[in-house]
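Just so it is clear, the structure is predicted and the values come from calculations on it, not from any experiment. Note on naming: letters A, B, ... go to the chains in the order of the sequence lines (proteins, then strands), and numbering restarts at 1 for each one.
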Number of protein chains: 2
Amino acid sequence: MSDAEFKPTPGETDGPVPKAVVSRLSLYLRQLQQGLLGGQTTISSKELGRLLGFTDAQVRKDLAYFGHFGYPGIGYKCEELISAVKRILGTDQTWPVALVGLGNLGRALIGYKGFAQRGFTIVAAFDNDPGVVAAGPIDGLPLYHLDNLPEVARQNRIRLGMIAVPGPAAQSVADRLVAVGVEGILNFAPVTIKLPEGVSQVGVDLAIELEQLTFSVVNRGATT
Amino acid sequence: MSDAEFKPTPGETDGPVPKAVVSRLSLYLRQLQQGLLGGQTTISSKELGRLLGFTDAQVRKDLAYFGHFGYPGIGYKCEELISAVKRILGTDQTWPVALVGLGNLGRALIGYKGFAQRGFTIVAAFDNDPGVVAAGPIDGLPLYHLDNLPEVARQNRIRLGMIAVPGPAAQSVADRLVAVGVEGILNFAPVTIKLPEGVSQVGVDLAIELEQLTFSVVNRGATT
DNA sequence: TAGATTGTTAATCGATTAACAATC
DNA sequence: TAGATTGTTAATCGATTAACAATC
């Protein structure tokens with residue numbers, strides 16, 4: 001892939017990219033990788049859309065925000081498009097991630113295989129319970145007391161953090177992550193956290209996901 | 001709260017409710033419950049919006065899809081609005097949920113405190129590894145082989161399921177859940193699953209959440 | 001060439017916001 | 001009453017879809 005196939009910088013020429021577009025990009029990538037495993041070498045916008053429940057026009061428009069990746073009459077070459085989307089998302093490199101919170105959820109995140117496959121490695125995990133930390137590495141991952149966050153985060157050039165602590169502790173943990181230069185936080189605590197400008201957040205509240213599901217079960221067909 | 005404050009059925013009179021509205025409803029509920037803990041008895045659309053980063057108009061419009069819950073000049077009474085939103089979402093009752101998959105993530109879900117607080121109880125957990133099942137209950141929760149899904153699901157009147165199995169197994173598990181009458185599936189496997197009409201799904205892909213975060217870190221400010 | 005499919009423009013559709021009469 | 005705030009309408013804004021010339 002040559003740089004020329006990419007637009008200068010997404011946003012500079014075309015205004016900001018809608019969040020919905022970016023979230024579909026991840027789904028395209030996942031589907032493309034699955035297709036590639038199945039031996040597929042090219043795919044049309046129509047087929048990719050069908051597999052995910054989108055229109056062909058939407059697939060093409062989404063990709064067109066970022067450049068010209070397709071071949072008229074042919075479609076998209078899977079490997080090429082995978083590389084392109086990874087690069088757009090920033091996951092053509094592996095990101096070191098800090099995890100805070102070593103309860104059930106934190107431990108599950110440590111064991112989660114899916115991160116490595118998509119360009120993320122948890123390189124350090126923190127808790128504020130000395131007993132938990134003293135129990136030593138989990139799956140070879142070093143554990144630290146939260147007080148050691150500054151050194152460890154800087155040594156590992158950590159820009160992304162995951163918060164898996166109880167709700168009441170989340171804001172304070174977020175503040176400490178921001179203080180050591182973390183630029184993005186994936187928050188699993190069931191509270192809204194406030195972050196300064198320039199720090200991104202994605203919130204995942206497991207109970208809310210079930211709640212959304214419940215609404216659509218109870219109100220079958222009453223959503224857009 | 002009297003029934004009269006609710007519109008007949010969301011959707012019948014006003015067309016389908018946008019998904020985005022429903023997802024904000026969950027955030028309103030979470031924020032209201034947090035406010036109530038802090039002793040707040042009423043809240044205005046302006047304040048609720050400010051806490052979550054929405055406009056006051058949006059808050060009022062979202063709630064107005066479902067009825068008249070506010071008091072002009074006063075705002076909303078927290079307890080009343082909490083009850084109303086729970087009822088809208090369907091979480092004014094507790095839902096029994098089946099969990100399939102007893103790896104790291106499945107076990108974390110069993111231990112997750114947040115579900116009970118929001119109206120969900122995992123009442124049975126399944127795996128297809130007999131060794132895992134034989135190891136016996138986890139936190140008092142009975143474990144079953146997946147082959148026992150039909151009896152157990154029917155005995156417990158289970159309508160919601162969570163899938164926490166590896167990607168390649170997810171579709172087959174989904175099919176089995178649907179076969180026993182499950183109406184909504186929360187899918188943690190990193191694949192798109194196909195379900196028949198009339199069965200809802202919400203997908204949570206942890207790696208995709210990190211990916212979305214990464215994009216916004218790399219393209220600071222370039223999203224809507 | 002004929003058939004397929006892209007990237008892009010214009011039209012449509014839907015969601016958000018601003019404004020304000022009604023209400024407490 | 002004056003001040004605050006709702007529910008709702010109309011205006012704005014943004015995202016999706018349809019259509020099609022260009023391309024392979």
inquiry  = Let's go through B:S200 and A:R220 carefully: what are the C-alpha distance in whole Å and the side-chain angles of both, what is the deciding distance for side chain to side chain donor-acceptor pair (under 3.5 Å) to 0.1 Å, and is it a yes or a no?
reply    = CA-CA 8 Å; B:S200 304; A:R220 173 93 28 239; 2.7 Å; yes

query = Quick one: on DNA chain D, does A:G73 or A:K19 contact a more 5' nucleotide (nearest heavy atom)?
reply = A:K19

inquiry  = Whole angstroms only, please: what is the CG-C1' distance between B:L63 and C:dT16?
reply    = 15 Å

query = For B:L48 and D:dA4, what is the distance between atoms CG and P respectively, to the nearest whole Å?
reply = 19 Å

inquiry  = Just the rounded figure in Å: distance from C1' of C:dA11 to NZ of A:K61.
reply    = 12 Å

Between D:dT16 (P) and A:D62 (CG): distance, integer Å = 7 Å

query = Which nucleotide, in any strand shown, forms a Watson-Crick or G-U wobble pair with D:dA21, with both distances under 3.5 Å?
reply = C:dT6

key: Distance below 4.0 Å between A:T55 side-chain N/O and D:dT17 OP1 or OP2   = yes

ask   = What nucleotide, of D:dT16, C:dA18, D:dG7, holds the atom closest to the side chain of A:Q58?
value = D:dT16

note = Between CD1 of A:I74 and P of C:dT5 the distance, given in whole Å, is 9 Å

Nucleotide D:dC24, atom P - distance to NZ of A:K77 in whole Å = 11 Å

message = Do B:L109 and B:F115 have side chains that approach each other closer than 4.5 Å (heavy atoms only, starting at C-beta)?
response = yes

Donor-acceptor pair between A:T41 and A:E79 side chains, under 3.5 angstrom = no

ask   = Given atom CG of A:L81 and atom P of C:dG7, what is their separation to the nearest angstrom?
value = 10 Å

task = Tell me whether the OP1 or OP2 atom of D:dT6 has a side-chain N or O from B:S45 closer than 4.0 Å.
result = yes

task = Please tell me which of the listed nucleotides, D:dA22, D:dT17, C:dT23, lies nearest to the side chain of B:P72?
result = C:dT23

ask   = What's the CZ-C1' distance between B:F54 and C:dA18, to the nearest Å?
value = 18 Å

ask   = Out of D:dT5, C:dT16, D:dG7, which nucleotide sits closest to the side chain of B:Y76?
value = D:dG7

inquiry  = Checking side-chain polar atoms at under 3.5 Å, does B:T192 have a donor or acceptor matched by the opposite partner on A:R30?
reply    = yes

query = Can a side chain N or O of A:H68 be found less than 4.0 Å away from OP1 or OP2 on C:dT8?
reply = yes

key: N/O (side chain, A:R60) to phosphate O (OP1/OP2, C:dT6) under 4.0 Å   = yes

inquiry  = Taking only side-chain N and O atoms of A:R24, does any of them lie within less than 4.0 angstrom of OP1 or OP2 on D:dA15?
reply    = no

ask   = Are the side chain of A:D62 and the backbone of A:F66 linked by a donor-acceptor contact shorter than 3.5 Å?
value = no

query = Does any nucleotide pair with C:dA11 by Watson-Crick or G-U wobble geometry, both distances under 3.5 Å, and what is it?
reply = D:dT16

